[in-house]
Enquirer: 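Below you will find the structure I want to go over with you.
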There are 2 protein chains.
Amino acid sequence: MTTILAEREAQPTLNSAALAQLRSDILTCRLMPGAKLRVEGLRERYGMGASPIREALMRLEAEGLVVLEQNKGFKVADVSIDNLNDLMDTRIEIEGVALRWSIERGGVDWEASLLAAFHRLSKQEKFNPESPRAISNDWNREHEEFHAALVSACGAPTLLSIRSRLFEQAERYVSLSIMADGPSRDDVSEHQRLMKVALSRNVEKALEANRLHIEATRGKVAASLASKKKPAALSVVNRKPK
Amino acid sequence: MTTILAEREAQPTLNSAALAQLRSDILTCRLMPGAKLRVEGLRERYGMGASPIREALMRLEAEGLVVLEQNKGFKVADVSIDNLNDLMDTRIEIEGVALRWSIERGGVDWEASLLAAFHRLSKQEKFNPESPRAISNDWNREHEEFHAALVSACGAPTLLSIRSRLFEQAERYVSLSIMADGPSRDDVSEHQRLMKVALSRNVEKALEANRLHIEATRGKVAASLASKKKPAALSVVNRKPK
DNA sequence: AGTCAACAGATTATCGATAAAATATTTGAT
DNA sequence: ATCAAATATTTTATCGATAATCTGTTGACT
């Protein structure tokens, strides 16, 4: 698996490699929500000692992707309808503010980078024919970058970093939904509309479009969650046999 | 210093003790913005090994109180006018949303807990006569709890946790300002007004009052920062002599 | 004097071993 | 058989030691 090695080589430190790996494994649900994260298992999985792994887990705990129970170890954060609603409600407001400021403050550079990001996203296939139960890595990246481009002129780094953390959390729910129900539409037109209203500097319409975009995701994910085919906590990282 | 021991005894794990200690030392600026955080120094300071300390630092990094430069170690996050403005702008919006929802959704329990929190805050001295260059711990706690009470009925845990992280960051700027300029007014009336407009369910007035409350802090802190008597990076945790 | 390479000292990142805590299993009494 | 105390096993949390990296200093050369 060249990906893992590549990702690891790129990192200057085992710690950051562990962080990148864990984040990716959690966001794509290779590590399922609720799964126990035994250090020994992760050590084997990533081929490193306990320290860099625990440090990475600690960081992810602060981000809400991992939960630590004192003296009982780490597990992947659970998912739930309540948490989904909480998350999406919060996203709508926060992305709303960021988008408003971005539209009000963005210059021609912002417009250009938004167009560019949209173009890249629209040319990228969402699903890899071989594995239709997972979104392509490249598409995910372009998608994240498109939404980041929308709000990039917002001028408040703190707000932007909060936004991107929430965006990540949402990605995890989407992965889950796709694992359960298979590929979803590649919503190019929805993104195009978002871009258009933003470029036309119509704040109200842009906020509404963004809200609907988020609501659409919420609806799809909520449906998957409700028809709970959740073997959730079963994907344990490692358990000593007998 | 019984505080340190007490705080430490209360924690089930060295890790969480380190976290609490570090957070507190950073928020009160006993560890100054920009200060290098050498592990050896922290080991002596807190009397524990490197692992729990590094794990705590990693977590604080995610919260933005600490910065990690790969292979160069940790330091306390810097402060700046730009960051202050970014932070306060973001707070105004996020606390605004939380406050709106809380006012719209809060029941009589919310009203009661808000009244109680205000009462406790108003009975608490802000400064300890002995050390007028630092806000009393108790006041800080009651203050945080009063503001938490204001938004507690908001119904979105994610939003609340973001709010409280931003609130913490702001506390650090306030500490800094007080270290530089000495005690500030104990703004009971300002808090009382906030509570009143919230209880009267007047969303617009409440948001405005909250905005002004934050702007007042921003103004005071910005003034201190501008007259920069910053020996900032000088409070290094430990440096091997000669 | 100024620059740079090589070295020495300090600091970070990581590992492997161990103590502490939790969980699972056995055993003995009712 | 049932429950609970006692024990064994697993897992977590932490330490001390070491390898890797960075930083500051010395000294040779222009």
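Note on naming: letters A, B, ... go to the chains in the order of the sequence lines (proteins, then strands), and numbering restarts at 1 for each one. No hydrogens, no waters, no symmetry mates; every other heavy atom, side chains included, goes into these values. Remember, it's a predicted structure, so these values are computed and weren't measured experimentally.
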Enquirer: Starting at CG of B:L37 and ending at C1' of C:dT12, how long is that distance when rounded to a whole Å?
Expert: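 It works out to 13 Å between those atoms.
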Enquirer: Take the protein atom CD of B:E40 and the nucleotide atom P of D:dG16, then report the distance between them rounded to whole Å.
Expert: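 About 11 Å, once rounded to whole Å.
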Enquirer: Between A:R91 and A:E171, does any side-chain N to carboxylate O distance fall below 4.0 Å?
Expert: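 Between A:E171 and A:R91 there is no salt bridge, as every charged N stays at least 4.0 Å from the carboxylate O atoms.
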Enquirer: State whether A:R38 places a side-chain N or O below 4.0 Å from either non-bridging phosphate oxygen (OP1 or OP2) of D:dT12.
Expert: no
Enquirer: Closest approach to the side chain of B:T13, judged atom by atom: which nucleotide of C:dT14, C:dA13, D:dA13 is it?
Expert: D:dA13
Enquirer: Can you check the B:I53 CD1 to C:dT11 C1' distance for me, whole Å?
Expert: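 Computing the B:I53:CD1 to C:dT11:C1' distance gives 14 Å.
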Enquirer: Just to be sure I understand the geometry, which residues of residues 59-75 of chain B put a non-hydrogen atom under 4.0 Å away from DNA chain D?
Expert: B:N71, B:K72
Enquirer: Do we see a donor-acceptor contact under 3.5 Å between the side chains of B:S224 and B:D181?
Expert: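 Distance-only check passes for B:S224 and B:D181.
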Enquirer: Does A:R23 come within less than 4.0 Å of A:E63, counting only side-chain N to carboxylate O?
Expert: yes
Enquirer: What pairs of residues pass the ring pair (Phe, Tyr, Trp, His ring centres under 6.0 Å) test when at least one of them lies in residues 155-182 of chain B, not counting sequence neighbours?
Expert: B:H143-B:F167, B:H147-B:F167
Enquirer: Would you mind telling me which of D:dC15, C:dC15, C:dG16 lies closest to the side-chain atoms of B:L14?
Expert: D:dC15
Enquirer: Over how many whole Å does the gap from A:R43 atom CZ to D:dT11 atom C1' extend?
Expert: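 A:R43 atom CZ is separated from D:dT11 atom C1' by 13 Å.
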Enquirer: In terms of side-chain geometry, is the basic nitrogen of B:R218 or B:D89 positioned less than 4.0 Å from the acidic oxygen of its partner?
Expert: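 Looking at B:R218 and B:D89, the cut-off is met.
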Enquirer: Could you tell me whether the phosphate oxygens of D:dC22, OP1 or OP2, come under 4.0 Å of any side-chain nitrogen or oxygen in B:K36?
Expert: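 No, B:K36 has no side-chain N/O under 4.0 Å of OP1/OP2 on D:dC22.
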Enquirer: Report the distance from atom CG of A:L57 to atom P of D:dT11, rounded to the nearest whole Å.
Expert: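 A:L57 atom CG is separated from D:dT11 atom P by 16 Å.
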Enquirer: Taking side chain to side chain donor-acceptor pair (under 3.5 Å) as the definition, give me every residue that meets it alongside B:W110, ordered by chain and number, with sequence neighbours left out.
Expert: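 Testing B:W110 for side chain to side chain donor-acceptor pair (under 3.5 Å), a comparison that skips the adjacent residues, returns B:S102.
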Enquirer: The side chain of B:P52 lies closest to which of these nucleotides: D:dT14, D:dG16, C:dT12?
Expert: D:dT14
Enquirer: Can you tell me how far P of D:dT14 sits from CG of B:L42, to the nearest Å?
Expert: 16 Å
Enquirer: Among B:V76, B:L27, B:L22, exactly one meets side chain to side chain contact (heavy atoms under 4.5 Å, CB included) together with B:L65. Which residue is that?
Expert: B:L27
Enquirer: Starting at CD of A:E55 and ending at P of C:dA13, how long is that distance when rounded to a whole Å?
Expert: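 A:E55 atom CD is separated from C:dA13 atom P by 8 Å.
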Enquirer: Check the distance between D:dT11's P and A:E44's CD and give it to me in whole angstrom.
Expert: 11 Å
